[in-house]
Amino acid sequence: MARPLAEAIYAALMGAYDPQGWWPLLAVRGVNPTASGSLRGYHPGDYSYPRDDAQRFEIAVGAVLTQNTAWTNVERALQALQAREAIEPAALLALDDDTLETAIRPSGYYRVKARKLRELAVFWQRLGGRIPRRDELLGIWGVGPETADSIRLYAFGQAEMVVDAYTRRILGALGLLAERAGYDQIKAWCVAGLPCRVEVYQEWHALLVEHAKRCHRGAAGADPLLSAVADPGAGQRRRGGVSGA
DNA sequence: AACCAGGACGTGA
DNA sequence: TCACGTCATGGT
């Protein structure tokens, strides 16, 4: 039985970029502000985060704020919220609309996202410290498939595959996805080809994002790193042709 | 100066 | 179901 393609892609990405240490946390940035790997709150190789409910909620808030938005913009919003000690459900709900919107303005869509954060905070209060099911998260106004899966995977350490625009772009460019493939289909493809381990799911998603940022900006050119992996014959053919068994 | 960022919702067909 | 418009700031 052949090794799943996703596993080969994972190995290539890991070999090229090393562990990414997602999800970034403000506390990690504060604890380890100068270490190169943790410079922005990332904690590569350390899977002991999040360590409390405050960090879990911070991840959920970040997951909402980063919807269709660059993470650098989200960081400003998170810092503004932290300055008001509002990365906590009750405190966030205690902010008036204008204060909340002003704090998260750098992350864009600030009116919609302000409402989304309130919905999230109310949900969190009713959750009572339990691990939310996926369908419960999807029931929150403002939480769709990717955000729900991100919260499950990174905030609660559940083996929930996250699919994002980068995943679709990279796998699509390699010709591995059906043209009409939806979120759940892409998710199923990834799940089928990777070991069901939280660390693997976290790194898979983070590595794809890193790879896309480096190699898939703008017009999709050839993927020098992954094309040989996705088409195993390509490398050998270029090298002069070795017939595989 | 367009174009894009670690999407989701509301609407009409 | 599904395509399309909307939401908005900041970096390239």
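Letters A, B, ... mirror the listed sequences (proteins, then strands); counts begin at 1.
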- Query: Hey, can you pull the residues of residues 100-121 of chain A with a non-hydrogen atom under 4.0 angstrom from DNA chain C?
  - Reply: A:Arg105, A:Pro106, A:Gly108, A:Tyr109, A:Tyr110, A:Arg111, A:Val112
- Task: Check DNA chain B against residues 132-148 of chain A and give the residues with a non-hydrogen atom under 4.0 Å, in numerical order.
- Result: A:Ile140, A:Trp141, A:Gly142, A:Val143, A:Gly144, A:Pro145, A:Glu146, A:Thr147
- Task: Identify, residue by residue, the members of residues 66-75 of chain A with a heavy atom below 4.0 Å from DNA chain B, and return them in order of residue number, or none.
- Result: A:Thr66, A:Gln67, A:Asn68, A:Thr69, A:Ala70, A:Trp71
Residues in side-chain hydrogen bond (donor to acceptor under 3.5 Å, both in side chains) contact with [X], at least two apart in sequence or another chain:
X: A:Thr72; value: none
X: A:Arg130; value: A:Glu136
X: A:Glu160; value: A:Arg152, A:Lys187
X: A:Arg56; value: none

- Task: Using a heavy-atom cut-off of under 4.0 Å over every strand shown, decide if A:Ala212 touches base, sugar-phosphate, or nothing.
- Result: nothing
- Note on the structure: Contacts of A:Tyr109 meeting ring-ring contact (aromatic ring centres under 6.0 Å, His included) (sequence neighbours excluded), chain-then-number -> none
- Note on the structure: Residue set satisfying ring-ring contact (aromatic ring centres under 6.0 Å, His included) with A:Trp189, at least two apart, ordered chain then number -> none
- Message: Between the side chains of A:Asp97 and A:Arg118, is the shortest nitrogen-to-carboxylate-oxygen separation below 4.0 Å, so that they form an ion pair?
- Response: yes
Polar atom pairs between nucleotides 1-4 of chain C and protein, under 3.5 Å, N or O only, would you list them?
{"unit_1": "C:dA3", "atom_1": "OP1", "unit_2": "A:Arg180", "atom_2": "NH1", "d": "2.8"}

- Do A:His205 and A:Tyr154 have side-chain atoms, one donor and one acceptor, less than 3.5 Å apart? yes
- Going by side-chain heavy atoms closer than 4.5 Å, which hydrophobic residues are tied to A:Leu138, directly or by a chain of links? none
- Query: With sequence neighbours left out, what residues match A:Arg51 under salt bridge (charged side-chain N to carboxylate O under 4.0 Å, His left out)?
  - Reply: A:Asp46
- Item | Interatomic distance at P, B:dA8 relative to C:dG10, whole Å | 22 Å
